[in-house]
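The shown structure was predicted, so the numbers you read here are calculated from the model rather than taken from an experiment.
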Amino acid sequence: GQQGVQRARLLSEGNRDPHWFTALEDTLARHGVAMAANRADTVQRLDAAARLGVGPFPRASLAMAGEVDGWIASMAALDAEDRLRGELAATRLRDAEAGTTSIGPHRSDLAVRHLDLDMPAAEGSTGQQKAVLVSIALAHARLVALSRGRAPLLLLDEIAAHLDAERRAALFDEVVALGAAIQGSALVDEKHRQMRAMIKELHQKMTENSTDVGANFPAEARKMHDGETPARSIHGKATFAEAKELMEEGIPVLPVPVLP
């Protein structure tokens with residue numbers, strides 16, 4: 001934050017005024033511990049959701065790994081603040097030489113474990129790591145949906161390219177169940193391909209035992225409805241207005257999307 005930048009600047013300039021540093025480090029300690037505590041709470045809730053897994057996606061555990069995180073877990077917040085103030089004061093000279101702040105919540109890492117394989121996610125293959133990340137992203141989406149009462153927008157960059165067919169289908173199912181909007185060209189392309197396949201299959205089933213009457217469909221449908229020709233299964237072409245008129249006349253028709 002701003003106080004950290006000011007502290008680093010004062011250290012680089014050789015300023016040793018204890019009053020400046022005491023004030024800055026007090027703010028850093030109070031805000032840093034508060035941020036780390038809130039972060040730990042969020043990660044704890046995400047950990048509980050990620051441990052459930054989603055279909056073929058692996059279960060995962062998450063925890064913050066850092067010195068400040070250890071203090072928060074083992075002592076009261078005020079004691080953690082005092083500890084951080086003391087460490088910041090004790091590391092001024094070292095931080096001045098290194099040009100950085102060597103202690104604080106910004107030094108923490110997120111430790112992720114692949115529970116199904118009982119191993120750190122960082123040690124897994126690229127495919128295994130991708131699967132864990134998707135599982136965590138979906139767990140986070142569920143938490144957001146529950147806390148806000150509405151589904152989130154998921155930004156998934158070419159994620160389908162890294163998933164097999166089973167996991168792609170599971171991802172689509174979860175997105176639909178969440179009611180979430182998705183952004184990601186690979187996902188959209190894959191969903192479009194699946195929809196085309198479904199429409200094609202529907203066309204085949206409807207036309208395999210049907211007569212193609214082409215553009216004469218409205219007239220032929222009316223003739224059968226009026227009893228002028230024997231009833232039979234037909235298919236053909238009709239404009240939206242023609243199909244609407246047929247339905248308003250009580251003639252049963254089923255509009256089917258046309259593949260481009």
* To do: Show the numbers, then the answer: is there a side-chain contact (heavy atoms from CB on, under 4.5 Å) between Arg232 and Val213?
  => CA-CA 11 Å; Arg232 68 192 193 282; Val213 295; 4.0 Å; yes
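- Taking 4.5 Å as the limit, every side-chain heavy atom of Thr101 sits out of range of all side-chain heavy atoms of Leu28.
- With values rounded to the nearest 0.5 angstrom, Leu133 atom CG is found 9.5 Å from Ser135 atom OG.
- A side-chain N or O of Asp95 and one of Ser102 form a donor-acceptor pair less than 3.5 Å apart.
- Formation of a donor-acceptor pair under 3.5 Å by the Asp17 side chain with backbone atoms of His19 is found in this model.
- Summarising the geometry, atom CZ belonging to Arg92 is positioned 14.5 Å from atom CD belonging to Glu97; distances are rounded to the nearest 0.5 Å.
- No side-chain heavy atom of Arg167 sits less than 4.5 Å from a side-chain heavy atom of Val134.
- The line from CG of Leu84 to NE2 of His31 is 12.0 Å long, rounded to the nearest 0.5 Å.
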* To do: Please test Arg39 against Asp69 for side-chain contact (heavy atoms from CB on, under 4.5 Å), starting from the C-alpha separation and ending with a verdict.
  => CA-CA 9 Å; Arg39 182 177 62 190; Asp69 302 287; 3.4 Å; yes
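- Taking every heavy atom of both residues into account, Ile72 and Ala37 meet most closely at CD1-N, 3.6 Å.
- A donor-acceptor pair is defined here as one N or O able to donate and one able to accept, closer than 3.5 Å; no such pair exists between the side chain of Glu81 and the backbone of Ala29.
- Atoms CZ and CG, on Phe217 and Asp212 in that order, are 10.5 Å from each other to the nearest 0.5 Å.
- The backbone N or O of Glu242 sits less than 3.5 Å from a side-chain atom of Thr239, completing a donor-acceptor pair.
- The two residues Arg142 and Gly53 come nearest to each other via the heavy atoms NH2-O, 4.1 Å.
- Within the 4.5 Å cutoff, the side chain of Leu138 has heavy atoms near those of the Leu171 side chain.
- Gly70 approaches Ser74 most closely through the heavy-atom pair O-OG, 2.9 Å.
- Arg113 is listed as a side-chain neighbour of Asp118, based on a closest heavy-atom distance under 4.5 Å.
- Closest approach of Ala111 to Ala65, counting heavy atoms only: CB-CB, 4.4 Å.
- What you find for Trp71 and Glu87 is that their closest heavy atoms are CH2-CG, 3.6 Å.
- Residues meeting the side chain to side chain contact (heavy atoms under 4.5 Å, CB included) test with Thr126, sequence neighbours left out: Lys130.
- Contact detail for Phe57 and Ala131: the closest heavy-atom pair is CD2-O, 3.7 Å.
- Counting heavy atoms from C-beta on, the side chains of Arg45 and Thr42 come closer than 4.5 Å.
- Residues meeting the salt bridge (charged side-chain N to carboxylate O under 4.0 Å, His left out) test with Lys223, sequence neighbours left out: Glu220.
- Shown here are the side chain to side chain contact (heavy atoms under 4.5 Å, CB included) partners of Ser210, two or more places apart in sequence or in another chain: Ser233, His235.
- Put simply, the side chain of Gln128 never gets that close to the backbone of Ala121: no donor and acceptor are under 3.5 Å apart.
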* **Steps toward salt bridge (Lys or Arg N to Asp or Glu O under 4.0 Å) verdict (Asp26, Arg30)** => CA-CA 6 Å; Asp26 175 69; Arg30 288 186 291 106; 3.0 Å; yes
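- Residues satisfying the side chain to side chain contact (heavy atoms under 4.5 Å, CB included) criterion with Ala122, sequence neighbours excluded, are absent altogether.
- Two residues are said to be in side-chain contact when any heavy atoms from C-beta on lie closer than 4.5 Å; Leu11 and Phe21 meet this criterion.
- In the hydrophobic clustering (ILVMFWY side chains linked at under 4.5 Å, chained through shared members), Val132 is joined by Val43, Leu46, Leu62, Met64, Leu110, Val112, Ile136, Leu143.
- Shown here is Gln44, whose CD atom has no more than 12 heavy atoms of other residues, nucleotides or ligands within 6.0 Å.
- Cluster annotation: Leu24 is not connected to Val5 through the hydrophobic network of ILVMFWY side chains, with a link wherever side-chain heavy atoms come within less than 4.5 Å.
- Between the CG atom of Asp116 and the CZ atom of Arg59 there is a distance of 4.5 Å, given to the nearest 0.5 Å.
- The closest side-chain heavy-atom distance from Arg83 to Ile103 is not below 4.5 Å.
- Every residue meeting the salt bridge (charged side-chain N to carboxylate O under 4.0 Å, His left out) condition with Glu245, not counting sequence neighbours, appears here in chain and number order: Arg222.
- Hydrophobic cluster membership is shared by Ile251 and Met224, with clusters built from Ile, Leu, Val, Met, Phe, Trp and Tyr side chains linked at under 4.5 angstrom.
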* Between Arg7 and Glu25, is a salt bridge (Lys or Arg N to Asp or Glu O under 4.0 Å) present by the stated rule, with each step listed? -> CA-CA 8 Å; Arg7 178 178 181 272; Glu25 289 165 358; 3.0 Å; yes
